[in-house]
K.L.:
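The structure is given below, and queries will be raised subsequently.
What you see is a predicted model; the values in this text were computed from it and never measured.
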Amino acid sequence: MNRVCHVTSVHPRYDVRIFLKECVSLAKAGYEVTLLCADNLPAEIRDGVTIKSVDYFPSGRIKRILGAKKAMLKGALEIDADIYHLHDPELLPVALSLKNRGKIVIFDSHEDYPLNIFHKEWIPKLLRNFISWLYSIIENRTFKKVDAVISVTPQMTERIRNLNKNSILITNYPLLSYNFPKTSTPKFNVCFAGVIAENRLHHNIIKALDTVPNLNYLLAGWSNEKYLNRLKKLSGWSKVKYFGPLSFNEVNELYKISAVGIVLEDYSSLNYGNQGSLGVTKLFEYMGAGIAVICTDFDLHKEIVEKNQCGLCVKPYDIDAISDALNFLSKHPDKANEMGEKGREAYLREYNWNTQEQKLLKLYSELFKFQEVIMQ
């Protein structure tokens, strides 16, 4: 019994968490791993993982949500694995169907979906309360029956533990293979690469640039046109170098020429107010890149940053505090470099995928052993 099937109807086949981290880690550990996705691309074997696609790739979100169950369940049963590891909220019914057929089932909750629903702009506001309530009922029922639930931040793990004692925290720390040697530049470069959205408070960052001389804000990623145009009207935009969406390798090049990585998020319910979430992976990417960090003063982030002396935490709505942090690091490049080195050391020691891989392998080992005992 060593056949494993990861199932996703939403994520691309080379998704970092699902494929590069979890599937590849399991394949290296000797499991026979298949990744079932929905992209209509040919089957292939990559890094020891067999990747297959179901013949179902609808153009619209609603069609995908309503139709995913039948297609994904059919594809999953054809693989006939021993453990099924599911990744998307619309696959909760599939998890129950597989469990009812005697399979070992893990659900990997990448986000706190009952909270996340309130922030989905494509869902009409009048329906969000009802949909969140309905999803919670389905989620609770499913989590009580599956063999384990994985989540990415402590608050989710504690909540889910009330439903399933086998609730495991496996974060999205970066792969240890990441390597970002820095390159000196004439200007003090601060960077961000990711989704450029209002909840990331780029408007506050750009406003803070006005008082910081000799600085470039290297900004990369996708943004909707309305928000991007709003940012371009700010006077601080003159210090922004906007690259648009970049590939993984191009983002690495951006980190190499940066002294500081900045990620500010608001005190929203998604971040559990001022507690923060370990799901904010930019913090750990910057540490892995060996650059100083400026981030929101969430309790979780502040504990990590202060313990490892790898950056500065600020109140995300305080423009003066953001300016002060940028000015301090720009005027003290040696201190910024020291923070970056300490962050890199902490990443190598603790905040990398290897530490989470061990949790994943331990969970799988325990589930297989338990099943063997039952079958004896």
Side-chain angles (χ1 to χ4, degrees), residues 1-58 63-110 138-139 141-143 145-151 164 166 168 170 357 359-375:
M1 288 182 59
N2 65 352
R3 298 186 305 278
V4 173
C5 179
H6 280 244
V7 184
T8 177
S9 55
V10 177
H11 296 81
R13 60 173 57 196
Y14 307 131
D15 180 82
V16 174
R17 177 176 177 84
I18 298 173
F19 173 70
L20 284 179
K21 293 177 180 176
E22 293 179 335
C23 288
V24 171
S25 291
L26 290 164
K28 286 181 178 178
Y31 291 98
E32 182 182 321
V33 183
T34 301
L35 170 59
L36 182 67
C37 57
D39 60 11
N40 287 345
L41 296 175
E44 63 175 312
I45 298 176
R46 178 176 289 209
D47 294 334
V49 178
T50 299
I51 306 177
K52 295 182 177 180
S53 176
V54 298
D55 186 22
Y56 182 76
F57 192 56
K63 287 184 179 179
R64 188 201 73 218
I65 292 172
L66 295 176
K69 176 186 174 182
K70 183 178 179 180
M72 302 310 292
L73 179 60
K74 181 177 181 292
L77 290 173
E78 288 173 354
I79 291 167
D80 191 26
D82 304 304
I83 286 186
Y84 287 90
H85 189 142
L86 285 71
H87 292 272
D88 308 310
E90 63 209 44
L91 298 179
L92 288 173
V94 177
L96 284 179
S97 295
L98 291 169
K99 189 62 194 165
N100 290 337
R101 287 169 168 80
K103 300 296 186 179
I104 303 172
V105 179
I106 301 169
F107 191 85
D108 201 328
S109 194
H110 297 199
I138 299 170
E139 182 186 76
R141 179 179 172 222
T142 305
F143 285 0
K145 294 187 176 183
V146 297
D147 297 275
V149 182
I150 294 171
S151 53
N164 189 314
N166 208 9
I168 310 297
I170 297 180
E357 178 185 71
K359 295 182 185 180
L360 180 71
L361 296 180
K362 182 174 183 288
L363 171 63
Y364 269 74
S365 177
E366 289 173 348
L367 290 175
F368 272 119
K369 285 179 181 176
F370 182 71
Q371 187 74 359
E372 288 171 0
V373 170
I374 291 176
M375 295 179 66

K.L.:
Using a 4.5 Å cut-off on heavy atoms from C-beta on, say whether the side chain of Tyr31 contacts that of Ile83.
P.N.:
no
K.L.:
Should Leu35 and Thr8 count as side-chain neighbours, where that means a heavy-atom distance under 4.5 Å?
P.N.:
yes
K.L.:
Measure the shortest side-chain to side-chain distance between Glu90 and Val10 over non-hydrogen atoms and say whether it is less than 4.5 angstrom.
P.N.:
yes
K.L.:
Do Arg101 and Tyr84 form a cation-pi contact, if we require the NZ or CZ to be under 6.0 Å from the six-membered ring centre and within 45 degrees of the ring's axis?
P.N.:
no
K.L.:
Test of understanding: with side-chain hydrogen bond (donor to acceptor under 3.5 Å, both in side chains), list the residues that count as partners of Lys99, not counting sequence neighbours.
P.N.:
Asp147
K.L.:
Please name all residues satisfying side-chain contact (heavy atoms from CB on, under 4.5 Å) with Asp39, sequence neighbours left out, ordered by chain then number.
P.N.:
Arg13, Cys37, Leu41, Ser53
K.L.:
With sequence neighbours left out, what residues match His110 under ring-ring contact (aromatic ring centres under 6.0 Å, His included)?
P.N.:
His11, His87
K.L.:
Under the side-chain contact (heavy atoms from CB on, under 4.5 Å) rule, collect the residues that match up with Asn100, sequence neighbours excluded.
P.N.:
none
K.L.:
Under 3.5 Å, side chain of Ser97 to main-chain N/O of Pro93, donor-acceptor pair present?
P.N.:
yes
K.L.:
Carefully, step by step, assess Leu98 and Val7 under the rule side chain to side chain contact (heavy atoms under 4.5 Å, CB included).
P.N.:
CA-CA 12 Å; Leu98 291 169; Val7 184; 5.5 Å; no
K.L.:
Just jot down the salt bridge (Lys or Arg N to Asp or Glu O under 4.0 Å) partners of Asp108, sequence neighbours excluded, or say none.
P.N.:
Arg17
K.L.:
With sequence neighbours excluded, tell me which residues meet side-chain contact (heavy atoms from CB on, under 4.5 Å) with Ala38.
P.N.:
Val54, Met72
K.L.:
Within a strict 4.5 Å, meaning less than it, do heavy atoms of the His85 and Ile150 side chains meet?
P.N.:
yes
K.L.:
With Lys74, which residues qualify under side-chain hydrogen bond (donor to acceptor under 3.5 Å, both in side chains), at least two apart?
P.N.:
Glu78
K.L.:
Mind checking salt bridge (Lys or Arg N to Asp or Glu O under 4.0 Å) for Lys362 and listing every partner two or more places apart, or none if nothing turns up?
P.N.:
Glu366
K.L.:
Just to verify, what does Arg141 make a salt bridge (Lys or Arg N to Asp or Glu O under 4.0 Å) with, not counting sequence neighbours?
P.N.:
none
K.L.:
Within the side chain of Asp82, is there an N or O that forms a donor-acceptor pair under 3.5 Å with the backbone of Arg3?
P.N.:
yes
K.L.:
Partners of Asp80 by side-chain hydrogen bond (donor to acceptor under 3.5 Å, both in side chains), sequence neighbours excluded?
P.N.:
Lys103
K.L.:
Do you know which two heavy atoms are closest between Phe368 and Asn2, and how far apart they sit?
P.N.:
CZ-CA, 3.8 Å
K.L.:
Can you sort out the partners of Glu139 under salt bridge (Lys or Arg N to Asp or Glu O under 4.0 Å), two or more places apart, ordered by chain and number?
P.N.:
Arg159
K.L.:
With sequence neighbours left out, write down each residue that passes side-chain contact (heavy atoms from CB on, under 4.5 Å) with Lys28, or none if nothing qualifies.
P.N.:
Val24
